[in-house]
Amino acid sequence: MNVKQLVEKAYSLLGIKKGWQIREADPFTYIRSRLEAIGITVFVNGVVGSNNNRKLLVSEFRGFTLLDSYAPIIFINGRDSSNGKLFTIIHEFCHVLLGEEGGVSDGNSEPYCNRFAAEFLVPESLFHSRWSESPQAYEQIAKYFKVSQYVIYRVALTHGYINQRQYELLVKKFEQYLQNIPERTSQSGGGNFYATAHIRLGESFSRAVVQAARAGALAYREAYELLGLRGNTFSKYVNKYGF
């Protein structure tokens, strides 16, 4: 089917409507919860395991999909930007819908999944309305849809609002702008350990592991290994999120 048809089916499956992210303060967390509600486990991490000295580079990969008829998994590189993570989770969801695994190497369906993610986040009808009000206001339109300006450039090109030459110039100019932005330095303190663990593991996976351990279907030693939490730390995590 064409991209728009699959996007409509995806909206129906997730119980959402076009423009859904415009009203959400945290679109990534919201769509992650919708995906987990239909049985897709989503992991988010920016390091290998819990080792902060082994960082996952966005330049190497943004996410991947492991397909399974019972428990499909989407992994998102937590070091990516908010807009980047949002686009990637939708892109990887497309791989799940197509019944194939998405990895760090390009496949034949990559362009299709990119078009799917763009239409999912920036439907042509809504884009046309915003463009008609403010033609070529790329930054404002990107903020409205809560996506990167790259996505807006691509949508404008796909639907014939700009040509290939204009698209390439816009991308080049935006890349130069990004290169001039000072790199963010990490703040001291390391954040909240349990909140970070919850983001990394996700609600559905954590709950499934804890419930299995309580039911005796899984040894607590195995539950500790699966969650990367042990003893008192495990108990505090469980109590904090009410599993």
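Quick note: residue numbers are just sequence positions, from 1. If you're wondering where the values come from, they're calculated on a predicted model, not measured in any experiment.
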dist Arg23:CZ -> Ile16:CD1 (nearest 0.5 Å) comes out at 9.5 Å
For Ile89, does its backbone N or O pair with a side-chain atom of Glu92 as donor and acceptor, under 3.5 Å?
no
Heavy-atom side-chain proximity of Phe127 to Thr158 below 4.5 angstrom:
no
SG (Cys94) and CD (Glu100) are apart, to the nearest 0.5 Å, by 7.5 Å
Residue pair Phe75, Phe64: steps toward the ring pair (Phe, Tyr, Trp, His ring centres under 6.0 Å) verdict:
CA-CA 5 Å; Phe75 183 93; Phe64 60 81; 5.1 Å; yes
Atom of Gly19, atom of Pro123 and distance for their closest heavy-atom approach
N-CG, 4.4 Å
Taking side chain as C-beta onward, heavy atoms only, is Leu14 less than 4.5 Å from Ile31?
yes
Can you see which heavy atom on Leu201 is nearest to which on Ser206, and at what distance?
CB-OG, 3.4 Å
Criterion side-chain contact (heavy atoms from CB on, under 4.5 Å) on His91 and Asn114, from CA distance to verdict
CA-CA 6 Å; His91 174 102; Asn114 282 335; 3.0 Å; yes
Nearest heavy atoms of Leu67 and Pro72, plus distance in Å:
CD1-CB, 4.5 Å
Between Glu24 and Lys146, does at least one N-O distance fall below 4.0 Å, as a salt bridge requires?
no
Point-to-point distance, once rounded to the nearest 0.5 Å, from CG of Leu157 to CD1 of Ile162
5.5 Å
On the six-membered ring of Tyr144, is Arg130 placed so that its NZ or CZ lies under 6.0 angstrom from the centre and within 45° of the ring axis?
yes
Give a yes or no on whether Tyr11 and Met1 share a hydrophobic cluster (residues Ile, Leu, Val, Met, Phe, Trp, Tyr; joining criterion: side-chain heavy atoms under 4.5 Å apart).
yes
Under the 3.5 angstrom rule, does the side chain of Ser81 hit a backbone N or O of Gly84 as a donor-acceptor pair?
yes
Is Ile22 close to Phe145 at the side-chain level, that is, under 4.5 Å between some pair of heavy atoms?
yes
Spacing of OG1 belonging to Thr88 relative to CZ belonging to Phe28, to within rounding of 0.5 Å:
8.5 Å
Is there a side-chain contact between Ile40 and Val96 (heavy atoms, below 4.5 Å)?
yes
Non-hydrogen atoms of Thr41 and Phe205 that approach each other most closely:
CG2-CB, 3.9 Å
Out of curiosity, Trp20 CH2 to Leu121 CG, how far, rounded to the nearest 0.5 Å?
6.0 Å
State whether a side-chain donor-acceptor pair under 3.5 Å links Glu168 with Gln164.
yes
Within the distance-only criterion (no hydrogens, no angle test), does the side chain of Ser129 pair as donor or acceptor with the backbone N or O of Leu126 below 3.5 angstrom?
no
Near-ring test Tyr112/Phe116, centroid separation under 6.0 angstrom
no
Do the non-hydrogen side-chain atoms of Ile73 and Asp68 ever get within less than 4.5 Å of each other?
no
Residues in side-chain hydrogen bond (donor to acceptor under 3.5 Å, both in side chains) with Tyr167, at least two apart?
Arg154
Can you measure from OH (Tyr150) to CZ (Phe174) and round to the nearest 0.5 angstrom?
6.0 Å
Leu13 and Phe93: CA distance, side-chain angles, deciding distance, side-chain contact (heavy atoms from CB on, under 4.5 Å) verdict
CA-CA 12 Å; Leu13 184 63; Phe93 177 42; 4.2 Å; yes
Non-hydrogen atoms of Leu98 and Cys113 that approach each other most closely
CD1-SG, 3.9 Å
Could you go step by step and tell me if Glu8 and Glu119 meet the side-chain contact (heavy atoms from CB on, under 4.5 Å) rule?
CA-CA 10 Å; Glu8 288 299 327; Glu119 177 66 22; over 6 Å; no
For Glu203, is there an ion pair with Arg207 - N to carboxylate O distance below 4.0 angstrom?
yes
Decide yes or no on side-chain contact (heavy atoms from CB on, under 4.5 Å) for Tyr220 and Arg214, but give the supporting numbers first.
CA-CA 8 Å; Tyr220 271 93; Arg214 285 175 174 165; 3.5 Å; yes
Distance-only donor-acceptor pairs under 3.5 Å for side chains of residues 132-140, two or more places apart:
{"unit_1": "Ser132", "atom_1": "OG", "unit_2": "His128", "atom_2": "O", "d": "2.7"}
{"unit_1": "Glu139", "atom_1": "OE2", "unit_2": "Lys143", "atom_2": "NZ", "d": "3.4"}

With a 4.5 Å limit on heavy-atom distance, are the side chains of Val147 and Phe87 in contact?
no
Consider only side-chain heavy atoms of I, L, V, M, F, W and Y, link residues closer than 4.5 Å, and tell whether Val155 and Leu169 are in one cluster.
no
Do the side chains of Val210 and Tyr241 get nearer than 4.5 Å, heavy atoms only?
no
Can we say Arg32 and Glu36 salt-bridge, meaning some charged N sits less than 4.0 Å from an Asp/Glu carboxylate O?
yes
